[in-house]
There are 2 protein chains.
Amino acid sequence: MTDSATPPRRNGGTPLGVRMDDVAELAQVSRATVSRVIKGYAPVSSKTQEKVNQAMRELGYVPNLIASGLAAKGSDLVGLLLRDPRVPAYGLLHSVIQNEVSKSGLELITVVPSSSEGVTDELDSLHRLLGLRVGGLLVSTGVIKDHDLEPFLDSVPVVSVGRLEDHPRITGVSYDEDVNGSILADKVVMAGHRSVAVVVPAWAVSTGENRRGVAMASHLRGRGIDVHQMDTDIFGTWTDRCDDIIRLVRDKQITAAMFPTDTRALAFMSLAQAAGLSIPKDVSITGCDGIAMGLEQIGLATVKLPVEEVAVRATAVMAELLRNSAPGPVHHERHAGVFIPGRTLEAPTPGR
Amino acid sequence: MTDSATPPRRNGGTPLGVRMDDVAELAQVSRATVSRVIKGYAPVSSKTQEKVNQAMRELGYVPNLIASGLAAKGSDLVGLLLRDPRVPAYGLLHSVIQNEVSKSGLELITVVPSSSEGVTDELDSLHRLLGLRVGGLLVSTGVIKDHDLEPFLDSVPVVSVGRLEDHPRITGVSYDEDVNGSILADKVVMAGHRSVAVVVPAWAVSTGENRRGVAMASHLRGRGIDVHQMDTDIFGTWTDRCDDIIRLVRDKQITAAMFPTDTRALAFMSLAQAAGLSIPKDVSITGCDGIAMGLEQIGLATVKLPVEEVAVRATAVMAELLRNSAPGPVHHERHAGVFIPGRTLEAPTPGR
DNA sequence: CTGAAAGCGCTTACAG
DNA sequence: CTGAAAGCGCTTACAG
């Protein structure tokens with residue numbers, strides 16, 4: 001072995017051009033050994049380890065996850081399919097999941113669908129994640145249906161998070177929309193309202209919002225309230241039916257309006273105020289979500305979703321799935337939120 | 001060739017177990033041909049195309065992006081490194097970038113650092129994206145420094161978005177923090193304030209917030225205002241120095257407080273109100289950001305960042321970089337925001 | 001328009 | 001504790 005005959009390194013240049021072979025050569029070990037010290041759990045003498053680490057540092061080596069993913073037939077990457085990053089509840093979910101995943105020694109990559117493109121784009125996003133052959137899949141969008149997930153259940157652990165789930169083979173950690181809806185409906189009834197508009201998005205638009213809305217409406221009806229159910233099946237907008245509600249208020253047909261999300265409630269508030277209505281004098285408002293900062297300043301009556309709780313549990317379940325080869329029983333958790341009182345919900349103004 | 005001798009398909013099962021070879025076999029073509037119809041830009045007879053598409057559908061084939069990424073030495077994936085999904089401005093940025101990237105025929109994957117872990121974790125996130133050998137890199141966090149990016153500039157197109165950038169080799173599309181800071185400072189001066197607290201996060205905490213804060217402070221000083229500069233170098237919290245500011249208000253040392261973000265401003269408002277102060281009577285407040293929904297309800301005086309504009313431009317620049325092999329000149333765009341008046345900024349109460 | 005074959009950068013039995 | 005070699009599932013010249 002002649003030290004003088006150093007063959008020219010193939011990539012003089014950039015760190016991303018440095019391969020494991022380059023590291024091996026510099027450290028004077030085999031590629032297998034470099035791989036072992038990177039992975040960390042195979043036996044390597046500490047002397048060798050040091051040599052290799054030194055070489056990696058010197059070359060600025062960034063391991064090619066694409067290549068290792070292929071060779072190892074899988075990776076520690078957990079993929080998150082997230083509905084809409086503009087919505088604060090998803091933003092918080094994203095953040096907490098990242099923290100938890102990282103604590104579990106896994107890595108997270110996130111994919112979001114284009115907004116307002118509907119189900120096609122959501123499926124594209126799903127395939128993007130699957131194409132990357134992630135080790136686990138966290139699905140946080142109700143737009144993707146169980147049906148779309150079914151074909152992949154045997155190949156990759158899937159947990160659906162923050163969305164309705166009752167598929168017998170998909171474990172779910174979600175919000176208890178029935179309870180959330182009931183809590184809000186109760187408060188509206190207790191405030192004295194007897195005629196209420198409820199916005200109910202179609203199942204295809206959002207399973208969660210749909211379920212929440214349905215729960216609110218049916219709970220109200222159960223209490224003998226006159227419900228004006230405002231169905232909407234428009235994808236990607238938060239203001240559909242607001243005009244109709246404003247009209248109902250003007251006609252004194254309702255004294256309160258319930259929205260399945262804070263976002264919709266806030267959007268309505270702006271429109272209503274622009275239309276000259278005052279809240280809660282002309283109409284009481286409730287939302288659902290409770291995550292956005294500064295909500296207490298606005299005083300929106302809402303239910304605060306247990307986002308952290310759901311994120312923590314979902315990640316724990318995923319980590320468990322990834323650890324145990326034995327799948328463990330599929331289960332469905334539902335976590336209820338807590339009511340946040342606010343000045344947008346008052347007793348109806350007498351005389352209306 | 002005996003049709004009867006169909007060799008057993010290696011993966012009887014799941015779509016993710018189906019390989020290109022399986023498709024090729026079913027369609028009775030070579031693997032190369034399957035690859036060609038998937039990529040779409042190589043000449044394939046439409047008869048063959050149909051056979052292949054049919055076979056893919058039948059098998060539920062999901063192409064392995066990992067393998068193709070390795071073979072093709074690169075992919076159409078654009079990686080986004082995003083600072084903090086809990087902040088509405090980042091959420092919106094994320095969303096718009098996704099839409100734009102998708103319009104350009106590229107795909108986006110996002111990685112976020114764990115919150116409150118500081119620079120180490122941000123670097124981990126950067127390496128995660130680089131390890132995936134993304135085709136382009138969008139960096140939207142001021143925590144990563146130019147220095148950290150430098151080694152990779154030769155291997156992958158990088159554009160920094162929404163963050164200060166003046167590296168001669170990194171093109172940047174960002175907010176004009178100097179102008180934003182000046183606009184706000186001007187309004188505060190014009191409202192009549194003469195003694196003002198300004199929160200200035202350290203450069204290491206956030207380059208953008210730092211620059212904004214410094215701009216506010218120096219602009220105020222230039223107008224002869226008494227500035228109480230509240231430096232903070234705590235990572236991951238939005239309430240540092242709030243106590244001190246409340247004290248200054250109580251001691252009648254200041255009549256206004258300027259925050260580099262809406263989030264900080266809102267957090268302060270809650271604390272101040274809890275401490276019995278009233279806004280703007282006891283102290284006027286300004287933020288910066290202007291993205292969160294319902295802000296108009298709160299009435300926070302702020303600057304609305306041109307997030308959409310920045311996202312669109314950044315993606316356009318990236319698409320350009322990816323298209324042209326010739327790099328084109330590096331440049332730095334800065335986009336200024338617009339002032340949003342609000343009831344948190346009034347003239348100082350006489351007698352204070 | 002189509003196929004055979006080399007090769008992308010790793011991991012992992014297998015054999016020392 | 002370490003190395004030689006096969007193979008992961010694709011792409012892409014190259015040769016028809």
Side-chain angles (χ1 to χ4, degrees), chain A residues 1 9-11 14-25 27-52 55-56 59 61-77 127 130-135 155, chain B residues 1 9-11 14-25 27-52 55-56 59 61-77 127 130-135 155:
Chain A
M1 179 204 264
R9 176 121 354 94
R10 288 244 303 278
N11 304 279
T14 79
L16 290 190
V18 175
R19 294 150 315 146
M20 199 176 258
D21 278 323
D22 301 315
V23 175
E25 186 183 323
Q28 306 191 76
V29 297
S30 73
R31 201 174 346 124
T33 298
V34 175
S35 180
R36 291 192 184 102
V37 351
I38 290 179
K39 313 227 68 191
Y41 52 66
V44 181
S45 82
S46 58
K47 202 165 107 268
T48 307
Q49 265 181 56
E50 194 33 59
K51 270 197 306 186
V52 170
M56 293 201 296
L59 297 173
Y61 176 60
V62 179
N64 187 329
L65 265 40
I66 292 291
S68 69
L70 184 61
K73 310 181 181 191
S75 65
D76 276 351
L77 284 182
H127 287 130
L130 257 14
L132 256 12
R133 296 297 190 270
V134 290
S155 337
Chain B
M1 183 202 265
R9 178 122 352 96
R10 285 248 301 283
N11 305 277
T14 78
L16 290 191
V18 175
R19 294 151 312 147
M20 198 176 257
D21 278 321
D22 300 315
V23 175
E25 186 183 324
Q28 305 190 80
V29 297
S30 73
R31 203 176 340 127
T33 298
V34 176
S35 179
R36 290 192 185 102
V37 353
I38 291 180
K39 313 226 70 192
Y41 51 67
V44 181
S45 82
S46 57
K47 200 165 107 269
T48 307
Q49 264 179 58
E50 195 34 61
K51 272 196 305 183
V52 170
M56 294 201 293
L59 298 173
Y61 176 59
V62 179
N64 188 330
L65 265 39
I66 292 290
S68 69
L70 184 60
K73 310 182 182 192
S75 63
D76 275 351
L77 285 180
H127 287 130
L130 258 13
L132 257 12
R133 296 298 190 270
V134 291
S155 337

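Naming: A, B, ... by sequence-line order, numbering from 1 per chain. Keep in mind that this is a model prediction, so the values were computed, not measured.
Within the structure, every side-chain polar atom (N or O) of Tyr61(B) is placed at least 4.0 Å from both OP1 and OP2 of dG9(D). For the OP1/OP2 pair of dC1(C) and a distance below 4.0 Å, the side-chain nitrogens and oxygens of Thr48(B) include no atom meeting the criterion.
Inter-residue side-chain proximity for Ile38(A) and Pro63(A) is flagged as met; some heavy-atom pair is nearer than 4.5 Å. Contact of the Leu16(A) side chain with the Tyr61(A) side chain is not registered, since no non-hydrogen atoms from C-beta on lie closer than 4.5 Å.
For the pair Ile66(A) CD1 and dC10(C) P, the computed distance is 11 Å after rounding to whole Å. Between Leu70(A) atom CG and dC8(C) atom P there is a gap of 13 Å when expressed in whole angstrom units. Counting to the nearest Å, the C1' atom of dT2(C) and the CD atom of Gln49(B) are 13 Å from each other. One interatomic measurement links the two molecules: CG of Asp22(B) to C1' of dC10(D), which rounds to 13 Å at whole-angstrom precision. Rounded to a whole Å, the CG atom of Leu16(A) is 15 Å from the C1' atom of dC10(C). Atom-to-atom, CE of Met56(A) to P of dC10(C) comes out at 11 Å; the value is rounded to the nearest Å. Atom CZ in Arg133(B) sits roughly 9 Å away from atom C1' in dG9(C) (whole-Å rounding). For Leu65(A) and dC8(D), the CG to C1' distance is 15 Å, given to the nearest whole Å.
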Could you go through nucleotides 11-14 of chain D and list every protein N or O atom that sits under 3.5 Å from one of its N or O atoms, giving the distance for each pair?
residue	atom	partner	partner atom	Å
dT11(D)	OP2	Ser35(B)	OG	2.3
dT11(D)	O4	Arg31(B)	NH1	3.1
dA13(D)	N6	Arg36(B)	NH2	3.2

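If you find the closest nucleotide of DNA chain D to Pro63(B) and to Ser30(A), the one lying nearer the 5' end belongs to Ser30(A). Nearer to the 5' terminus of DNA chain C, by closest-nucleotide assignment, is the contact made by Ser45(B) (compared with the other of Lys73(B) and Ser45(B)).
For the atom pair CZ (Arg19(B)) and CG (Leu59(B)), the distance works out to 11.0 Å, reported to the nearest 0.5 Å. For the atom pair CE of Met56(B) and CE of Met20(B), the computed distance is 8.5 Å after rounding to the nearest 0.5 Å. Distance OG/Ser68(B) to NZ/Lys73(B): 14.0 Å, rounded to 0.5 Å. If you take NZ on Lys51(A) and OG on Ser45(A), they are separated by 7.5 Å, rounding to the nearest 0.5 Å. Rounding to the nearest 0.5 Å places CG of Leu70(A) at 12.0 Å from CG of Leu65(A).
A stem is defined here as three or more consecutive Watson-Crick or G-U pairs, each with both distances under 3.5 Å; for DNA chain D these stems are C:1-3 with D:14-16, C:5-12 with D:5-12, C:14-16 with D:1-3.
For the residue pair Arg133(B) and Val62(A), the shortest heavy atom distance occurs at NH2-O, 2.9 Å.
A donor-acceptor contact shorter than 3.5 Å links the side chain of Gln49(A) to the backbone of Val44(A).
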